[in-house]
Chemist: 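This is the structure, below, for whatever I ask next.
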Amino acid sequence: MSDPQQAQAWIQQHVQPYHTQTRITCITVGNEVLTGTDTQLKSYLLPAMQGVYRALVNLGLSNEIYVAHPHSAGILANSFPPSSGSFRQDLSEYIHGMLNFHVQTKSPFLINFYPFFAYKDNPNEVPLDYVLFQPNQGTTDPITNLKYDNMLYAQIDAVYSAIKAMGHTDIPVKVSETGWPSKGDPNEFGATPVNAALYNGNLFQRMQQNQGTPAKPSEPIDVYVFALFNENLKPGPASERNYGLYYPDGTPVYNIGLRGFLPRMDYSAAKKNAFSFSALLLLMMIFLIHF
């Protein structure tokens, strides 16, 4: 993708033919590369993003589709209090270049956040209501005196602080992945249908209210929910196969509280994978919660 000609050929084959009939808003280059161990891959990341962006410019699509990279929460050296958020020093050379790219292309910074992991690892210390957007005492940033009633918003503001510490104040932050598993292994505390329904259902309600974070109250949060379907062949612990809102046969895994139960999907071969209108509307909301 660092070669503009190859990047342009890829976009012409995989994006341009479908762009007028779908809502393609972002091309993500890689996923959580900086927290991996491949240093060569890390060095390829920014040139690849630049190559894809130049190709979009050449094709007249750069005003409609932005280019970004979804980061792991592991790029943060510190996330609490949110006002003291910072990036890992060993990744600063890569992140500096990417932040400059976001400023130049007017694109957002993407990061994947899963409060589930924080609760799973420390169920006796992390309040469940705090990570599920349920009523709770919350926590206060001792520096800004801002109060947080959920972990996700605190994590987002920590990223804003980390970006500001690198000299930028005009880069929006979007959550490229978040979700909660409905099932897990015995040691995966909190992975239940009830908690998954509470997390995603409460999150959807927050998005409908156009909420911002305590540090950015006027900037509504964009969140991509992971995932639409359970993935029965995915390796790893049981939770990895149970993040979906739907089973593979199209039936909802649990009641998410969004207009009652999630509608069953109709994607039989006879109907050529057609979805019911209500399910299609729901898909649009799930893939990009942007009100």
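Keep in mind that the numbers below use all heavy atoms, side chains included, and drop hydrogens, waters and symmetry copies.
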Chemist: A side-chain contact here means heavy atoms from C-beta on lying under 4.5 Å apart; do Lys106 and Asp170 qualify?
Modeler: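 No, too far: nothing below the 4.5 Å cut-off.
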Chemist: May I ask you to decide if Asp141's main-chain N or O and Asn145's side chain share a donor-acceptor pair within less than 3.5 Å?
Modeler: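 It does not hold such a pair.
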Chemist: Strictly by modelled atom types, are Ser239 and Glu188 linked by a side-chain donor-acceptor pair under 3.5 Å?
Modeler: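 The answer is yes; a qualifying pair exists.
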Chemist: Is there a path of hydrophobic side-chain contacts, each under 4.5 Å between heavy atoms of I/L/V/M/F/W/Y residues, joining Ile156 to Met166?
Modeler: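 As far as the 4.5 Å side-chain criterion goes, Ile156 and Met166 are connected within one cluster.
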Chemist: Kindly say whether Val225 contributes a backbone atom to a donor-acceptor pair with the side chain of Thr178 at under 3.5 angstrom?
Modeler: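 Side chain of Thr178 to backbone of Val225: no pair is present.
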Chemist: Restricting to pairs with a member in residues 113-127, which pass salt bridge (Lys or Arg N to Asp or Glu O under 4.0 Å), not counting sequence neighbours?
Modeler: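 Non-adjacent pairs meeting salt bridge (Lys or Arg N to Asp or Glu O under 4.0 Å): zero.
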Chemist: Any donor-acceptor pair under 3.5 Å linking the side-chain atoms of Asp157 with those of Thr213?
Modeler: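 Side chains of Thr213 and Asp157: pair found under 3.5 Å.
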Chemist: For salt bridge (charged side-chain N to carboxylate O under 4.0 Å, His left out), just list the numbers for Glu240 and Lys234, CA-CA rounded to whole Å, side-chain angles, deciding distance to a tenth of an Å, and then say yes or no.
Modeler: CA-CA 7 Å; Glu240 291 294 320; Lys234 194 171 184 180; 3.3 Å; yes
Chemist: Please evaluate residues Leu34 and Met98 with respect to the criterion side-chain contact (heavy atoms from CB on, under 4.5 Å), reporting the C-alpha separation (whole Å), side-chain torsions for both, the decisive distance (0.1 Å), and the verdict.
Modeler: CA-CA 11 Å; Leu34 296 186; Met98 296 179 74; 4.1 Å; yes
Chemist: Is a donor from one side chain sitting under 3.5 angstrom from an acceptor on the other, for Asn200 and Tyr254?
Modeler: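 There is such a pair (donor and acceptor under 3.5 Å, judged by atom type) between the side chains of Asn200 and Tyr254.
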Chemist: Under 3.5 Å, is there a donor-acceptor pair between the side chain of Asp249 and the main chain of Thr251?
Modeler: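 Checking the backbone N and O of Thr251 against the side chain of Asp249, a donor-acceptor pair under 3.5 Å is found.
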Chemist: Is it true that a side-chain atom of Lys42 and a backbone atom of Gly36 form a donor plus acceptor pair closer than 3.5 Å?
Modeler: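 Yes, Lys42 side chain to Gly36 backbone: donor-acceptor pair under 3.5 Å.
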Chemist: Would you kindly say whether Tyr160 and Thr169 are connected by a side-chain donor-acceptor distance under 3.5 Å?
Modeler: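 Note: Tyr160 and Thr169 side chains miss the donor-acceptor criterion.
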Chemist: Checking the side chain of Trp180 only, and the main-chain atoms of Gly190 only, is there a donor and an acceptor separated by less than 3.5 Å?
Modeler: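 Between the backbone of Gly190 and the side chain of Trp180 there is a qualifying donor-acceptor contact (under 3.5 Å).
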Chemist: Please check if any side-chain donor atom of Tyr224 sits under 3.5 Å from a side-chain acceptor atom of Glu177, or the reverse.
Modeler: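 No pair is found: no donor N or O on one side chain lies under 3.5 Å from an acceptor on the other.
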Chemist: Are side-chain heavy atoms of Thr105 and Tyr66 found at a separation under 4.5 Å?
Modeler: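 In short, these two side chains do not touch, never coming nearer than 4.5 Å.
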Chemist: Does atom CG of Asn187 have more than 12 heavy-atom neighbours, drawn from other residues, nucleotides or ligands, at distances under 6.0 Å?
Modeler: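 Atom CG in Asn187 is crowded, with more than 12 foreign heavy atoms closer than 6.0 Å.
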Chemist: Checking Asn202 side chain against Leu132 main chain: does a donor-acceptor pair fall under 3.5 Å?
Modeler: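 The answer is yes, because a donor-acceptor pair under 3.5 Å joins these two groups.
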Chemist: Are the side chain of Asn136 and the backbone N or O of Gln134 linked by a donor-acceptor pair below 3.5 Å?
Modeler: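 Yes.
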Chemist: Begin from the C-alpha positions of Asp3 and Arg54 and carry the test salt bridge (charged side-chain N to carboxylate O under 4.0 Å, His left out) through to its verdict.
Modeler: CA-CA 10 Å; Asp3 182 335; Arg54 286 193 294 267; over 6 Å; no
Chemist: Answer with yes or no whether the side chains of Asn112 and Ser72 bring together a donor and an acceptor at under 3.5 Å.
Modeler: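 Short answer, no.
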Chemist: Would you mind listing every salt bridge (Lys or Arg N to Asp or Glu O under 4.0 Å) that reaches into residues 72-93, with sequence neighbours excluded?
Modeler: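 Only Arg88-Asp90 qualify under salt bridge (Lys or Arg N to Asp or Glu O under 4.0 Å).
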Chemist: Report the C-alpha distance between Tyr243 and Ser182 in whole Å, list the side-chain angles of each, state the deciding distance to 0.1 Å, and finish with yes or no for side chain to side chain donor-acceptor pair (under 3.5 Å).
Modeler: CA-CA 6 Å; Tyr243 274 91; Ser182 59; over 6 Å; no
Chemist: With ring centroids as reference points, do Phe113 and Phe226 lie under 6.0 angstrom apart?
Modeler: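 Ring centres of Phe226 and Phe113 not closer than 6.0 Å.
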Chemist: Could you tell me whether the side chain of Thr192 reaches within less than 4.5 Å of the side chain of Lys183, counting heavy atoms only?
Modeler: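 Lys183 does not reach Thr192 side chain to side chain.
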Chemist: Give the intermediate values and the outcome of side-chain contact (heavy atoms from CB on, under 4.5 Å) for residues His71 and Ser176.
Modeler: CA-CA 8 Å; His71 296 278; Ser176 39; over 6 Å; no
Chemist: Do the side chains of Ile171 and Val103 get nearer than 4.5 Å, heavy atoms only?
Modeler: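 They are in contact (side-chain heavy atoms under 4.5 Å apart), so the answer is yes.
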Chemist: Would Tyr148 and Thr140 count as a side-chain contact (heavy atoms from CB on, under 4.5 Å) here? Give the steps.
Modeler: CA-CA 6 Å; Tyr148 291 84; Thr140 301; over 6 Å; no
Chemist: Could you tell me whether Phe116 and Tyr119 have their ring centroids closer than 6.0 angstrom?
Modeler: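 No, ring centres 6.0 Å or more apart.
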Chemist: After noting the C-alpha distance and the side-chain angles of Tyr153 and Gln211, does the key distance pass the side chain to side chain donor-acceptor pair (under 3.5 Å) rule?
Modeler: CA-CA 10 Å; Tyr153 285 17; Gln211 277 194 349; 2.8 Å; yes
Chemist: Answer yes if Ile143 and Val159 sit in the same cluster of Ile, Leu, Val, Met, Phe, Trp and Tyr residues linked by side chain heavy atoms under 4.5 Å apart, and no otherwise.
Modeler: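 Unlinked, Ile143 and Val159 end up in two clusters.
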Chemist: Is it the case that His69 and Glu32 place a side-chain donor and acceptor less than 3.5 Å from each other?
Modeler: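 No, Glu32 and His69 have no side-chain donor paired with an acceptor closer than 3.5 Å.
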Chemist: Checking Leu228 against Tyr246 for the side-chain contact (heavy atoms from CB on, under 4.5 Å) test, could you report, in this order, the C-alpha distance in whole Å, the side-chain angles of both residues, the deciding distance, and whether it holds?
Modeler: CA-CA 6 Å; Leu228 189 58; Tyr246 286 92; 3.9 Å; yes
Chemist: I'd like to know if Phe133 and Phe80 are part of one continuous hydrophobic network [Ile/Leu/Val/Met/Phe/Trp/Tyr, side-chain heavy atoms within less than 4.5 Å].
Modeler: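 Hydrophobic grouping puts Phe80 apart from Phe133.
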Chemist: Check whether His102 reaches the backbone of Pro108 with its side chain - one donor and one acceptor, N or O, closer than 3.5 Å.
Modeler: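 Such a contact is found between His102 side chain and Pro108 backbone.
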